[in-house]
Amino acid sequence: MEKTISEFLENRTKEGLLRVLKPADARKEGSVYFDGREYIDFSSNDYLGLSSHPALRDAAQDATKKFGTGSCASRLLSGDLKIHHELEEKTALFKQKQAALVFNTGYQANTGIISSLFNKTDCIFLDKLSHASIIDGVLLSGARFFRFNHNDTEHLETLLKKERKKFKNSLIITETVFSMDGDFAPLKELVRLKEKYNCKIFIDEAHATGIFGKNGSGMAEEAGLTGKIDLIMGTFSKALGSFGAYIACSQKIKYYLINSCRSFIYSTALPPAVIAVNLASLEIIKKEPLRRKTLLENARYFRDELKKQKLPVLGFSQIVPLVTSSTEKTLILSEALKKKGFCAFPIRPPTVAKGSARLRFSLTYFHTKDILKKVTEQIRQHV
Ligand SMILES: *Cc1c(COP(=O)(O)O)cnc(C)c1O
């Protein structure tokens, strides 16, 4: 055992892939502080800057005063408060689905939901770039699974034609905004295929919730396909500036999950403060659409500026990845930017495929055009 661990750590170090934790001193409105110095933070998922919103902070304090700090038990025991149900009703309305069920994290939602709805008589088709929590859910289900090339619906259809008939139930899974590429799933075509081949479809809106769609509910809303998508998962932990996740679905699936989903049943309910913050956050999404408009406008500006410099930039969303290919080049650029006060963490294998290491710029509401112009100039000087 000791030997295996040492070898693993030595190999990771040799390949320049050893990960270490870097605690920040503090965080404030788009900035992060390390060793007493301020850096513009391009690595957070606080897309709308809500984690420091006064309304959210007040909601956390009020709920803690009223209900205490912990929820003290699982939802099925005495951990279930009326505010959990209020949040589920508001989430269902927000996502325009019949019902919603709250989960403690997106990771727990994906692993729990997929594995409780599907089993070894079934098959699952998932995009090759799906998040680790989706992959783990698929593995846990025991279903046969087939990975289609990223956003390649022709490849998906070839697999469906060949495999679908051999199994009982079937599921197609995709993220709607991809976390490492910042691009969008071809939802319309995926829905057409799910109907043609009699599958269910599950979408992960972790990076789309709060940002896309007229009401900020996500890509399903933006594409006008909410009614045709069976399972819409999303999180409160990114643009909503809080913590936790949800599935929006039919009332019947919700009841089924309450009775069968192990990550829902065997985990303590989210604390009252978190639930109250999530409720407040949904209100802010409704009341302050300017945040998402500004974010997307600035993301477009940044991407255009990088493209003008002929830099290999991916995607279309608030996630702006700059592909630097080798891990070494990525580290060098990341360090150079850090010296100038910009913090963008390198994304390397195994998170992304070998040879596609990148600097991933996660934009937030606080990254003004002025800041983006300055960072573009620094990138230009160092690639
Ligand atoms: C972050 C993320 C998750 C996990 O959500 P947590 O609430 O952080 O556990 C799931 N899916 C995708 C696509 C994500 O980016």
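Both counts, for ligands and for their atoms, begin at 1 and track the order of listing.
Rounding to the nearest 0.5 angstrom, the gap separating the NE2 atom in His367 from the OH atom in Tyr301 is 14.0 Å.
Lys254 has a carboxylate O that lies under 4.0 Å from a charged side-chain N of Glu88, or vice versa, which qualifies the two as a salt bridge.
Judged by distance alone, the side chains of Glu29 and Tyr365 never bring a donor and an acceptor atom under 3.5 Å apart. Under the 3.5 Å distance criterion, with hydrogens and angles disregarded, a donor-acceptor pair is assigned to the side chains of Asp204 and Asn110. Donor-acceptor pairing under 3.5 Å is recorded for the side chains of Gln108 and Ser267.
Near Gly106, with a cut-off below 4.0 Å to any heavy atom, the atoms of ligand 1 are 4 (C), 5 (O), 6 (P), 7 (O), 9 (O). Close approach to Glu175 involves these atoms of ligand 1, each under 4.0 Å from a residue heavy atom: 13 (C). Ligand 1 places these atoms under 4.0 Å from at least one heavy atom of Ser133: 10 (C), 11 (N). Distances below 4.0 Å separate heavy atoms of Thr235 from the following atoms of ligand 1: 5 (O), 7 (O). The atoms of ligand 1 that sit less than 4.0 Å from any heavy atom of Asp204 are 10 (C), 11 (N), 12 (C), 13 (C). Using a 4.0 Å cut-off to heavy atoms of Lys238, the atoms of ligand 1 that qualify are 1 (C), 2 (C), 3 (C), 14 (C), 15 (O).
In terms of polar-atom proximity, defined here as any N/O pair under 3.5 Å, Ala206 makes no such contact with ligand 1.
Glu38 has its side chain within reach of Ser31: a pair of non-hydrogen atoms, C-beta onward, lies under 4.5 Å apart.
At a heavy-atom distance under 4.0 Å, atoms from both the backbone and the side chain of Thr105 approach ligand 1. Residue-level proximity to ligand 1 for Asn110 is carried by the side chain, the only part with a heavy atom below 4.0 angstrom. The proximity of Ser237 to ligand 1, defined as any non-hydrogen pair under 4.0 Å, is limited to the side chain.
With His207, Met180, Glu205, Gln108 as candidates, the residue nearest to atom 15 (O) of ligand 1 on a non-hydrogen basis is His207.
With sequence neighbours left out, Glu297 forms a salt bridge (Lys or Arg N to Asp or Glu O under 4.0 Å) with Lys369.
A cation-pi arrangement, defined by a distance under 6.0 Å to the six-membered ring centre and an angle within 45 degrees of its axis, is present between Lys338 and Tyr39.
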